[in-house]
Amino acid sequence: MGPLDPGGGDPVPAVLDRLWATVEERRISGDAETSHSARLLARGTAKVAQKLGEEAVETVIEAMAGNRGALIGESADLLYHLIVVWVDAGIRPEQVWAELVRREGISGIAEKASRQNLSAAGVVKAGDTTKLP
Ligand SMILES: N=c1c2ncn([C@@H]3O[C@H](COP(=O)(O)OP(=O)(O)OP(=O)(O)O)[C@@H](O)[C@H]3O)c2ncn1[C@@H]1O[C@H](COP(=O)(O)O)[C@@H](O)[C@H]1O
């Protein structure tokens with residue numbers, strides 16, 4: 001399974017794979033003086049996660065204001081900071097693409113209902129999808 005093939009035979013945006021590879025390279029050998037990624041990663045998991053939260057809020061603000069141009073820019077910031085979170089956590093993009101492919105065709109409403117049924121039966125705790133097939 002290559003970086004452009006999440007397992008279902010579909011390509012994923014190559015720019016996201018390239019961005020992950022760049023940020024991972026910055027984690028390994030980047031200079032905090034010249035690389036924003038290296039500087040942010042050096043500040044630790046809490047700061048990396050905080051920045052993702054800030055970018056998410058800024059994205060929400062532009063979405064609610066109906067500013068489509070600003071929403072595109074904030075979306076790019078959000079994706080970049082999500083990728084920094086993955087690099088910090090040791091997650092490779094293929095793992096996320098595979099999870100998206102696994103969910104294809106599964107309605108969110110049906111999935112939630114099955115989780116609630118399992119929870120009611122005492123099989124899994126509500127909200128915990130890690131034990132689902
Ligand atoms: N896509 C991005 C990208 N999007 C946003 N940003 C930076 O994210 C920063 C967000 O600014 P903020 O003021 O919110 O955050 P901050 O500077 O950490 O400030 P504080 O929260 O600490 O006060 C800005 O400096 C943006 O330039 C990005 N920095 C890098 N990339 C990509 O990552 C690649 C590697 O970048 P470097 O790691 O800098 O070499 C680049 O070639 C780009 O492809």
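Ligands are counted one by one from 1 in listed order, and the atoms in each one are counted from 1 as well. Worth saying up front: this structure is predicted, and the values here are computed from it rather than measured. Side-chain atoms are counted along with the backbone in the values below, which use heavy atoms only and exclude waters and symmetry mates.
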Inset, instruction - Could you identify which residues cluster with Ile61, counting Ile, Leu, Val, Met, Phe, Trp and Tyr as linked when any side-chain heavy atoms lie under 4.5 Å apart, either directly or through a chain of such contacts? - result: Val57
Inset, instruction - Among Ile, Leu, Val, Met, Phe, Trp and Tyr joined by side-chain contacts under 4.5 Å, find the other residues sharing a cluster with Met64 and list them by chain and number. - result: Val60
Legend entry - Test side chain to side chain donor-acceptor pair (under 3.5 Å) applied to Glu111 and Ser107, step by step: CA-CA 6 Å; Glu111 183 276 331; Ser107 156; over 6 Å; no
Table of N or O contacts for ligand 1, cutoff 3.5 Å:
from, atom 1, to, atom 2, distance (Å)
ligand 1, 14 (O), Lys51, NZ, 2.8
ligand 1, 15 (O), Lys51, NZ, 2.9
ligand 1, 18 (O), His36, NE2, 3.4
ligand 1, 21 (O), Lys51, NZ, 2.8
ligand 1, 22 (O), Arg43, NH1, 2.8
ligand 1, 38 (O), Ser35, OG, 2.6
ligand 1, 38 (O), His36, N, 3.4
ligand 1, 38 (O), Ser37, N, 2.9
ligand 1, 38 (O), Ser37, OG, 2.6
ligand 1, 39 (O), His36, N, 2.7
ligand 1, 40 (O), Arg26, NE, 2.9
ligand 1, 40 (O), Arg26, NH2, 3.1

Legend entry - Check: Trp97 ring centroid to Trp20 ring centroid under 6.0 Å: no
Inset, instruction - Taking side chain to side chain contact (heavy atoms under 4.5 Å, CB included) as the test, write out the residues that go with Thr22, two or more places apart. - result: Arg26
Inset, instruction - Would you give the length of the straight line joining atom CG of Leu19 to atom CG of Leu82, rounded to the nearest 0.5 angstrom? - result: 10.0 Å
